[in-house]
Amino acid sequence: MNAQASNGNRDNGSDVDVVVVGAGFAGLYALHRLRKDGYSVRVFEGAPEVGGVWYWNRYPGARCDVESVDYSYSFDDELQQEWNWTEKYATQAEILSYIKHVADRFDLRKDITFSTRVTDAELDEQTLRWQVTTDSGESVSARFLILAVGPLSNANVPNIPGLASFAGTTLHTSQWPHTPVDFTGQRVGVIGTGSSGIQAIPEIAKQADQLYVFQRTPNYSVPAGNVPLSDEDRAAQKANYAERRRLSMLSGGGSPHMAHPKSALDVPPEEREAAYQKRWELGGVLFSKTFPDQMVTEGANATAREFWEKKVRAVIDDPEVAELLVPKDHAIGTKRICTDSNYFQTYNRDNVELVNLRATPIEKIDETGIVVEGGKHYDIDTLVLATGFDAMTGSVAKMNIVGRDGVTLNDKWAAGPQTYLGLGTDGFPNMFNIAGPGAPSVLANMVLHSELHVDWIADAAKYLDEQGAVAIEATPDAVENWGEELRTRADGTLMPTANSWYVGANIPGRPRVFMPFVGGFGVYGEIIADVAQAGYKGFALLPS
Ligand code: N01
């Protein structure tokens, strides 16, 4: 492209067309696509390496709950044909080596500044450019600001009295050391039983002398059903890649699996059982998408929950422990379903004890362990916090982003994120947020989602140049209407009923707003394509 209407490609480093924050899946593709389109791009990444969450979340057992063949870039057919996934669900290490391969293959590193965080971004209302400042003191002017910081990247460290006084080792799953952690001979305490805890607990239990799991809320988890991939498996997947991707882009969650065509309540019990069994064997998070009404009516949801409960109770030896591990406070799938390898069976081990924090909440942490209500002290050597994230907006909120009239994005989003299509916000021209609130985000395959967003942004940039415009900005009406659309769609489902991180319920003080678009990845893709087709309806094009 001819970036005429931008800064004419003045890529001296401090004056570029695009600044991208983050070098995970989204940021790397943004760099690749926009650079290919002729723009000068600078990427800032807080880690010393590419990978985003896959760089940081290297706790034992970490693996993706979307099949590797789908959880990978689709933009380059040679890339997808040449890369060989070894397992159905890839480990963190394999995903990271894939991302590094992509960075090298497309020569991306030269435009990435590592170990550097963006602290501020301020709009110059005269030029409509963003002045971006980093923690190394660098200041860069950019026409476009792309936030590719990830919806699950800002660790939630709980505010438990005495946490800092613990004299042993404290680890957070999402900030795991880069040298091996050996639990042999240790007494370990894990706080948190979400996706991270549920993956780490079976692995830690294999090594530790004693493992205490401190559970506040039990979670639904489905076995990963992971298997090695053979040459034949890979050949079959690759031969069918184009169709697989086409179906993924039309699907509810960004994978090529369609829900059963009928309601869960309209099929005979054997057919329902067979459908759930098939999804159970597929493994992973798609269990919640077996039937189209499963997340819509309590009756349909109950059929999924009953199937799940029967399976899980059957593998736990002690019925009292099973009782504690079965969720009773939320419909299945209204919190993200976890994916595990022998999680529930782990409680059959002699060296594992489940501590029910609903009966005895944590009172404090001291130098040598955890004290629960009633005074019982659990002696531990290592404390693992599997306590999740300040999700969806947490990493964006860490930056001081100042738009029109000095209004910060944090002010603008104080009562909950306000976006048009999840992509733009009024008052913040040429700033785009990738796969965050207002978009399917965490409800979809994040790799394809990132591609969808980046391609939309790159096409919008090209359109601006063709029109001789300098910037694009969501209108206040479009933002308000989109917020209403998000609410209406979410309220038509069971999703907002749980105290999940989807509604910010895990962080005290956050406004309760269901943040992702629940209408499905394919539907969302059509909506944003139609907006573009209609000359970016709902956005104002601003002249230079
Ligand atoms: O975090 P979570 P996560 N005292 O928020 C508990 C993705 N992911 O890192 O529910 C005691 O789900 C908290 O208890 P409660 C995936 O999207 C994907 O596990 O608030 N407990 C909960 O049990 C996932 O959903 C993969 O009562 C406290 C746990 O900590 C998302 O990341 C793998 C506490 C936090 O669970 C987040 O998962 C890993 C306290 N003060 C993550 N504070 C895969 O691809 C918090 N908790 C498979």
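Every number for a ligand or one of its atoms is a count from 1 in the order of the listing.
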Any side-chain donor paired with an acceptor under 3.5 Å for Asp366 and His377?
yes

Looking only at protein heavy atoms, what sits closest to atom 15 (P) of ligand 1 is Thr217 OG1, 3.4 Å

Test of understanding: given a 4.0 Å heavy-atom threshold, classify the contact between Asp65 and ligand 1 as side chain, backbone, both, or neither.
both

Close aromatic pair by centroid cut-off 6.0 Å: Tyr241 and Trp83
no

Just let me know how Ala386 lines up against ligand 1, side chain, backbone, both or neither, with a heavy-atom cut-off below 4.0 Å.
backbone

At under 4.0 Å between heavy atoms, is it the side chain or the backbone of Tyr71 that contacts ligand 1, or both, or neither?
neither

Distance filter under 4.0 Å to Thr193 heavy atoms, resulting ligand 1 atoms:
22 (C), 23 (O), 29 (C)

among protein heavy atoms, the one nearest atom 48 (C) of ligand 1 is Gln199 NE2, 3.0 Å

For atom 36 (O) of ligand 1, what's the nearest protein heavy atom and its distance?
Gly194 CA, 3.5 Å

Just say parallel, tilted or perpendicular for the rings of Tyr73 and Phe25, cut-offs at 30° and 60°.
perpendicular

Looking at atom 7 (C) of ligand 1, what's its closest protein heavy atom, distance included?
Leu152 CD1, 3.7 Å

Listing, residues 203-211 side-chain donor-acceptor contacts under 3.5 Å, not counting sequence neighbours, or none:
unit_1: Glu203; atom_1: OE1; unit_2: Lys206; atom_2: NZ; d: 3.4
unit_1: Glu203; atom_1: OE2; unit_2: Lys206; atom_2: NZ; d: 3.1
unit_1: Gln207; atom_1: OE1; unit_2: Phe183; atom_2: N; d: 2.8
unit_1: Gln210; atom_1: NE2; unit_2: Asn351; atom_2: O; d: 3.4

So that I can tick it off, tell me whether Lys398 and Asp390 are bridged by a salt bridge, with the cut-off set at under 4.0 angstrom between side-chain N and carboxylate O.
no

Under 4.0 Å from any heavy atom of Pro158, which atoms of ligand 1 are there?
41 (N)

Below 6.0 angstrom between ring centroids: does that apply to Tyr343 and Tyr347?
yes

Heavy-atom contacts with Tyr59 under 4.0 Å: which atoms of ligand 1 show up? List them by number with element.
33 (C), 39 (C)

One pair to check against ring-ring contact (aromatic ring centres under 6.0 Å, His included): Tyr378 and Phe214. What are the steps and the verdict?
CA-CA 10 Å; Tyr378 292 87; Phe214 295 87; 5.3 Å; yes

Which protein heavy atom lies closest to atom 11 (C) of ligand 1, and at what distance to 0.1 Å?
Ile191 CG2, 3.5 Å

Is there a heavy atom in Leu357 that sits closer than 4.0 Å to ligand 1?
yes

Using 30° and 60° as the class limits, which term best fits the ring planes of Phe307 and Trp280: parallel, tilted or perpendicular?
perpendicular

If the plane angle is over 60° it's perpendicular, under 30° parallel, otherwise tilted; pick one for His32 and Tyr29.
tilted

Give the single entry among Ser195, Ala505, Pro218 that approaches atom 38 (O) of ligand 1 most closely by any heavy atom.
Ser195

For Gln215 and ligand 1, answer yes if some heavy atom of the residue is under 4.0 Å from a ligand atom, otherwise no.
no

Mind checking whether Tyr55 and His178 have parallel, tilted or perpendicular rings, split at 30° and 60°?
tilted

Can you sort out which atoms of ligand 1 are near Cys64, meaning under 4.0 Å from one of its heavy atoms?
45 (O)

Short list, please: which atoms of ligand 1 are under 4.0 Å from a heavy atom of Gly192?
6 (C), 23 (O), 29 (C), 30 (O)

Which residue holds the protein heavy atom closest to atom 4 (N) of ligand 1, what is that atom called, and what is the gap in Å?
Arg216 NH1, 3.7 Å

Sole residue of Ile507, Leu152, Asn156 in side chain to side chain contact (heavy atoms under 4.5 Å, CB included) with Trp501:
Leu152

Give the residue, atom name and distance (to 0.1 Å) of the protein heavy atom nearest atom 17 (O) of ligand 1.
Arg336 CD, 2.8 Å

Using a strict cut-off of 4.0 Å, indicate which atoms of ligand 1 neighbour a heavy atom of Lys335.
10 (O)

Answer yes or no: is there an ion pair linking Glu306 with Lys310, defined by an N-O contact shorter than 4.0 Å?
no

Plane angle bin for His260 and Phe291 - parallel if under 30°, tilted between 30 and 60°, otherwise perpendicular:
tilted

Contact check, Thr173 vs ligand 1, heavy-atom distance below 4.0 Å:
no

For Gly388, take its heavy atoms, then give the atoms of ligand 1 lying under 4.0 Å from any of them.
1 (O), 3 (P), 5 (O), 9 (O), 35 (C)

Could you establish whether Ile362 and ligand 1 come within less than 4.0 Å of each other, counting only heavy atoms on the residue side?
no

Note: ligand 1 atoms sitting under 4.0 Å from heavy atoms of Arg63 are 44 (C), 45 (O), 48 (C)

Which option wins on minimum heavy-atom distance to atom 3 (P) of ligand 1: Ala391, Ser174, Ser196?
Ser196

Which residue and non-hydrogen atom of the protein lie closest to atom 37 (C) of ligand 1, and at what distance in Å?
Trp501 NE1, 3.7 Å

Approximate separation, where rounding is to 0.5 Å, of Gln199 CD and Asp340 CG
8.5 Å

Compute the centroid of each ring, for His449 and then for Phe521, and state whether the two points are separated by less than 6.0 Å.
yes

